[in-house]
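This report refers to the structure that appears directly beneath it.
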Amino acid sequence: MVRGELESRGADIESRANGSAPIGVFDSGIGGLTVVRELMRQLPNESIIYFGDTARVPYGPKSPETVIRYSREITSFLRDQGVKAVVVACNTATAHALPTLRQEFDLPIIGVIEPGSRAAARATRSGDIGVIGTYGTISSGAYERAIAAELPTANITVRACPLFVPLVEEGWLETDATRLVAHEYLGGLAGAIDTLVLGCTHYPLLKRVIGETVGRSVRLIDSAEETAAETAATLRAQGLEQGDASEPQYRFIASDLPEQFLRVGQRFLGQAIDSVETLTLG
Ligand code: DGL
């Protein structure tokens, strides 16, 4: 390693070792704000930089190579902003890119699939677990591997539900059309599972309709809560927690027009967003 590289690596480690640095969070778009909401609740002293790749959403139907490339670009950007850890709030990006990011970046990187799988393994009584997500997440097999690692006897049923994403973006959370689509995708799961992993950032907003469709006794697992808990544990273990109770700073960045981010984002975040910066990557 040449001297310049060593120096920049040293500066990198120094800035990460600083607990007052922000946490970086990214998603293909707005959906990852459900994870930010939970981070704000569980880690109220931590500053956050959120990057939503609204110019290139959706990631769900894209190839693993493309999703890895986008995820690498965003993680590099967040690292250059001095974040102390990165939370990959997007299930599809976690499914395709988490191992690569962990290999290439000298930062703690937390995904959403391991925490969600752990919660599902804990919640099930019968061992019959359903997982729903985008085409990319489901075809990667990442949830099946992660759940089997937690509970080898689990009987896992997976379904891709791609139309849920545009329905949520449109704000159609409880319309007849949404109920019809939910029935088409999930009608067959009623009675077959006792736990369902909502393996996509957008699906927690459809909890009510999904619950009605699969049966109210089915436990719905929203990985945002568990991911925030894992982030807290990681920061604690690495001595990277924000020590004092100073006012946290929140920055929201989108790669395309901020209007949609502002309009729909508040629904995901559960509170108003003051301003959104625009930045194009790639
Ligand atoms: N954020 C994506 C996920 O959680 C859903 C939207 C997309 O397809 O990009 O998988």
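Counting convention: from 1, in listed order, for ligands and their atoms alike.
Each of the atoms 7 (C), 8 (O), 9 (O) of ligand 1 lies under 4.0 Å from some heavy atom of Gly60. Against a heavy-atom cut-off of under 4.0 Å, Val57 is close to the following atoms of ligand 1: 9 (O). Residue-ligand proximity, Asp27 to ligand 1, at heavy-atom distances under 4.0 Å covers atoms 1 (N). Residue-ligand proximity, Pro58 to ligand 1, at heavy-atom distances under 4.0 Å covers atoms 7 (C), 8 (O), 9 (O).
With a 6.0 Å cutoff to the six-membered ring centre and a 45° limit on the axis angle, Arg56 counts as a cation-pi contact of Tyr70.
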Give the C-alpha distance, both sets of side-chain angles, the deciding distance and a yes or no for salt bridge (charged side-chain N to carboxylate O under 4.0 Å, His left out) between Arg236 and Glu46. CA-CA 12 Å; Arg236 211 176 306 122; Glu46 299 289 348; over 6 Å; no

Start with the C-alpha distance between Glu169 and Gln260, add both sets of side-chain angles, then the distance that settles side-chain hydrogen bond (donor to acceptor under 3.5 Å, both in side chains), and finish with yes or no. CA-CA 9 Å; Glu169 297 269 335; Gln260 160 88 343; 3.3 Å; yes

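Nearest to atom 10 (O) of ligand 1 by heavy atom, out of Thr201, Ile113, Thr92, is Thr92.
Considering backbone and side-chain N/O of Ser28, one or more are found under 3.5 Å from N/O of ligand 1.
Close to ligand 1: Cys200, with a non-hydrogen atom less than 4.0 angstrom away.
In this structure, His202 has its ring center under 6.0 Å from that of Phe268. Residues Tyr50 and Tyr250 keep their aromatic ring centres 6.0 Å or farther apart.
Relative orientation of the Phe261 and Phe252 rings is tilted, given thresholds of 30° and 60° on the angle between their planes.
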